Amino acid sequence: NAGVMQNPRHLVRRRGQEARLRCSPMKGHSHVYWYRQLPEEGLKFMVYLQKENIIDESGMPKERFSAEFPKEGPSILRIQQVVRGDSAAYFCASSPPNPFSGETEAFFGQGTRLTVV
Amino acid sequence: GDSVTQMEGPVTLSEEAFLTINCTYTATGYPSLFWYVQYPGEGLQLLLKATKADDKGSNKGFEATYRKETTSFHLEKGSVQVSDSAVYFCALSLNQAGTALIFGKGTTLSVSS
């Protein structure tokens, strides 16, 4: 059973371009969480999705950022018109059909390191 | 608001030394507490957890006890190895279905032989 797969592992974008980060949850998992890790910071929650639904996007910046988790295929975190401040590591986690509640484990991917030049 | 504070790194130790990484939290209700480890180039892995006061989580020689009175969950290991070199994250969950983990900033541990 493959773990949570994120790609690409490293992504370089010029200012103003779009960045698309992909996350394939573990088999059988239907809950996906995206986190961002800025330099010298901990992981900050961005968004929580179930298949075809955004459950909690309270950590998402109001502009330029969007996320989806379609019925088929990976979850996508999309950043439009990237700026240097978007440079960070972006991590995805997934949990089983019961949403993560402290009793169930969330499994993390290896992250995507986005560099905006 | 809810938060996790852990000691600043990096922590540099010699092999077989004793390790403590401090973690304190602020939370409403009764959170679950976690330590995650991130080895170089890899994602986060759950190291141990405790779901209620006075519980002790343990794994791979690491231990942490949920202390409600001091709102702490310090990570300890009696004898570290070079292979323990990694970044360690303390985290909490508010135990509400679907809510995300709240992380500390991480502490880098470097163990030399």
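Keep in mind that this is a model prediction, so the values were computed, not measured. Proteins come first, then strands; the chains are lettered A, B, ... in the order of their sequence lines, and each starts at number 1.
- Among Glu42(B), Glu8(B), Gln45(B), the residue with the largest count of heavy-atom pairs under 4.5 Å with chain A is Glu42(B).
- The local environment of CZ in Arg15(A) is sparse, with at most 12 non-hydrogen atoms from other residues, nucleotides or ligands closer than 6.0 Å.
- Interface remark: Gln6(A) contributes no atoms to any contact with chain B (heavy atom separation under 4.5 Å).
- More than 12 heavy atoms of other residues, nucleotides or ligands lie within 6.0 Å of CD in Gln17(A), so this atom counts as buried by the packing criterion.
- Both Leu47(B) and Leu92(B) are part of a single hydrophobic cluster, where members link through side-chain heavy atoms under 4.5 Å apart.
- Hydrophobic clustering of Ile, Leu, Val, Met, Phe, Trp and Tyr side chains at less than 4.5 Å, counting indirect connections, keeps Tyr48(A) apart from Met46(A).
- By the neighbour-count criterion of 12 heavy atoms within 6.0 Å, atom CD of Gln81(B) is densely surrounded, having more than that number from other residues, nucleotides or ligands.
- More than 12 heavy atoms of other shown residues, nucleotides or ligands fall within 6.0 angstrom of atom NZ in Lys51(A).
- In the hydrophobic cluster analysis, where Ile, Leu, Val, Met, Phe, Trp and Tyr join through side-chain heavy atoms closer than 4.5 angstrom, Tyr33(A) is grouped apart from Phe69(A).
- Heavy-atom neighbours of chain B within the stretch residues 107-117 of chain A, taken at a separation under 4.5 angstrom, comprise Phe108(A), Gly109(A), Gln110(A), Arg113(A).
- Follow the hydrophobic side-chain contacts under 4.5 Å out from Phe62(B) and you reach Val11(B) in the same cluster.
- The stretch residues 104-112 of chain B places Gly104(B), Lys105(B) near chain A, each with some heavy atom under 4.5 Å from a heavy atom of that chain.
- A distance of 5.0 Å separates OH in Tyr35(A) from CZ in Phe103(B), rounded to the nearest 0.5 Å.
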* Does the side chain to side chain contact (heavy atoms under 4.5 Å, CB included) test come out yes or no for Leu44(B) and Phe91(A), once each step is laid out? -> CA-CA 9 Å; Leu44(B) 278 73; Phe91(A) 289 92; 4.1 Å; yes
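- In terms of hydrophobic clustering, with Ile, Leu, Val, Met, Phe, Trp and Tyr side chains grouped at heavy-atom distances under 4.5 Å, Leu11(A) and Ile76(A) are assigned to different clusters.
- Counting heavy-atom neighbours within 6.0 Å of Met5(A) CE, excluding the residue itself, gives a total of 12 or less.
- Remark: Glu63(A) CD is loosely packed, at most 12 non-hydrogen atoms of other residues, nucleotides or ligands lying under 6.0 Å away.
- Of all the listed residues (Val87(B), Ile102(B), Leu46(B)), the one sharing the greatest number of non-hydrogen pairs under 4.5 Å with chain A is Leu46(B).
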